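In what follows, chains carry the letters A, B, and so on, assigned in the order in which the sequence lines appear, proteins first and then strands, with residues in each chain numbered from 1. Since we're looking at a predicted model, the values are computed, not measured.
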Number of protein chains: 2
Amino acid sequence: MKTIEELLESKNIRVTAMRLLIYKFLVEKDVAVTLSDIENAFEKSDRTTLYRTIKTFEEKGIVHQIDDGTGITKYALCEKGCNCEIENDLHLHFHCNNCNETVCLTAHKIPQIKVPDGFVAENVNLVVKGFCDKCSGH
Amino acid sequence: MKTIEELLESKNIRVTAMRLLIYKFLVEKDVAVTLSDIENAFEKSDRTTLYRTIKTFEEKGIVHQIDDGTGITKYALCEKGCNCEIENDLHLHFHCNNCNETVCLTAHKIPQIKVPDGFVAENVNLVVKGFCDKCSGH
DNA sequence: TCATTAATGCACTTCCATTGCATTTGTTTT
DNA sequence: AAAACAAATGCAATGGAAGTGCATTAATGA
Ligand SMILES: [Mn+2]
Ligand SMILES: [Mn+2]
Ligand SMILES: [Zn+2]
Ligand SMILES: [Zn+2]
C-alpha cells in the first residue's frame, strides 16, 4: 500500500502540500469534478494553481479529463492499471440530468465501434445521459 | 421533391433570405460546421442572427448539434426521417484528428449500451476520433 | 393601410480555459 | 551553509465562444 507521496513520486510529480490536498480531494469524491469544484473546496488557493496541478496530474497519467457535454471540463482519478497515456480511456461516462453529476463507469467498457471503410478509429468518447442510481428513484 | 421554401414552411420556419442562404450552405457542406464557419461564409450578416437562425433550425428539428469534444459546438442537417425532437440522435460522429473535420456517420447507429442497475439511460453521445477517409492515406 | 409579430443587428455580458510574469518555495551544487 | 538553479505558486490579464437586451427593420394579416 503506497502512500500518496510515494505514488506522486513514482509518477515524477513533486510532492507539495497543495498537490496532496488536491489528490486527497479527488480520492474522496466518487464523481468527476470541475475546476470550480476544486476551487470551492480550497478557497485559499488560486484557480491557476489548481488548474496547473490538475494538468500536471493529467500529463503524468493519474487523472483523466472528461467531456460530458455540459461544456465544462471534468476530471477524475484514473483507476489503477489505467494507462491513458498510452491507450485511450476505454470506459464510458454517465451524466445524470437530474443531479448533474458525472461518474466514470469503469467497469463498463466501450464496445467495439465499426467505422466505414477508409476511416481509422483511434479513440472513442462515449457519454450516456439519463438518471443516475441516486436519482432514478427506486 | 420539396423546395427549400416548402421544407422550411412545413416546419413552421418563416422563410427569409438569410435562412435560405444558411440552409443552402449546410446542404452543400457534407461536414458539421461551427458558427464561425457560417460566419466566415457570410461576412455580411451578424453572428447573432446566424446563431439564432441555427438555434431555430435546431428547435424545429432540421439541424442537430454535435459535441465532438473540440469544445466548439458544431451543427449538421438532420437526415430525412430523423426525428431528434422526439428521440435522440442515434448515429455516431467521427472527428478527424488530421483535417479537424467532423462528420455524421448516419449509417452507423449507436449500439445498445449497458448501464449499471439503477441507472436509466436516456440518450447517448458517441464520438470516434481518428483519421477520416480523406486523411487515412489509402 | 395600419397594427402586430417576428427577424435582424449591435453592444454587451458571462463563463471558462489559458497564458505571462513576478514571486516564492524547494532542490542541487559548490 | 550559501549560492545557483529549477519548479511551483499567485495575481492579472487575455481570448474564445455562448448567450442576452434592446432598438430597428422587415414580414404578415386584419
Ligand atoms: Mn472516467
Ligand atoms: Mn450527426
Ligand atoms: Zn443523479
Ligand atoms: Zn480528415
Inset, instruction - For B/I72 and for A/R19, find the nucleotide of DNA chain D with the closest heavy atom, then tell me which residue's nucleotide is more 5'. - result: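 Its nucleotide being nearer the 5' end, the pick is A/R19.
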Legend entry - Under 4.0 angstrom between B/S45 side-chain N/O and C/dG9 OP1 or OP2: yes
Inset, instruction - Compare side-chain N and O positions of A/T49 against OP1 and OP2 of D/dG10 and report whether any pair is under 4.0 Å apart. - result: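 Yes, such a contact exists.
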Inset, instruction - For residues A/I22 and A/L50, determine if any side-chain heavy atom of one lies less than 4.5 Å from a side-chain heavy atom of the other. - result: yes
For [X], answer base if it contacts any base atom (sugar-phosphate contacts may also be present), sugar-phosphate if it contacts only those atoms, and nothing otherwise; contact means non-hydrogen atoms under 4.0 Å.
{"X": "A/T56", "value": "nothing"}
{"X": "A/S36", "value": "nothing"}
{"X": "A/T34", "value": "nothing"}

Please report, rounded to the nearest Å, how far the [atom2] atom of [N] is from the [atom1] atom of [X].
{"X": "B/I38", "N": "C/dT8", "atom1": "CD1", "atom2": "P", "value": "13 Å"}
{"X": "A/E39", "N": "D/dC11", "atom1": "CD", "atom2": "C1'", "value": "13 Å"}
{"X": "B/I22", "N": "C/dA7", "atom1": "CD1", "atom2": "C1'", "value": "11 Å"}
{"X": "B/L50", "N": "D/dA18", "atom1": "CG", "atom2": "P", "value": "12 Å"}
{"X": "A/D68", "N": "C/dC16", "atom1": "CG", "atom2": "P", "value": "13 Å"}
{"X": "A/F42", "N": "D/dG10", "atom1": "CZ", "atom2": "C1'", "value": "17 Å"}
{"X": "A/N12", "N": "D/dA6", "atom1": "CG", "atom2": "C1'", "value": "15 Å"}
{"X": "B/N40", "N": "D/dA17", "atom1": "CG", "atom2": "P", "value": "10 Å"}

Legend entry - Joint hydrophobic cluster, A/I54 plus A/I72, side-chain heavy atoms closer than 4.5 Å: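 No.
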Inset, instruction - Establish whether B/L7 and B/V63 are linked, either directly or via other cluster members, by ILVMFWY side-chain heavy-atom contacts under 4.5 Å. - result: yes
Could you tell me whether the side chain of [X] and the main chain of [Y] form a donor-acceptor pair under 3.5 Å?
{"X": "B/R47", "Y": "B/E39", "value": "no"}
{"X": "A/T56", "Y": "A/R52", "value": "yes"}
{"X": "B/K60", "Y": "B/L8", "value": "no"}
{"X": "A/E28", "Y": "A/F25", "value": "no"}
{"X": "B/K129", "Y": "B/D68", "value": "yes"}

Inset, instruction - Could you encode protein contacts along nucleotides 23-30 of chain D as a string, one character per nucleotide from 5' to 3', using B for base contact, S for sugar-phosphate-only contact and - for no contact, with a heavy-atom cut-off of under 4.0 Å? - result: -----S--
Legend entry - Per-nucleotide protein contact string for nucleotides 18-25 of chain C (B base, S sugar-phosphate only, - none; heavy atom under 4.0 Å): SBBB----
Legend entry - Gap between atom CZ of A/F131 and atom CG of A/N98 - 0.5 Å precision: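 Output value for this atom pair is 6.0 Å.
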Legend entry - Given A/N125, A/I113, A/I110, A/V120, the one that forms side-chain contact (heavy atoms from CB on, under 4.5 Å) with B/V128: A/I113
Inset, instruction - Determine, using ring centers only, whether B/F57 and B/Y75 are less than 6.0 Å apart. - result: no
Legend entry - A/H93 ring center near A/H95 ring center (under 6.0 Å): no
Inset, instruction - Measure the angle between the two terminal helix axes of the helix from C/dT1-D/dA30 to C/dT30-D/dA1, five base pairs each, and quote it to 10°. - result: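 The end-segment axes of the helix from C/dT1-D/dA30 to C/dT30-D/dA1 are tilted 20° relative to each other.
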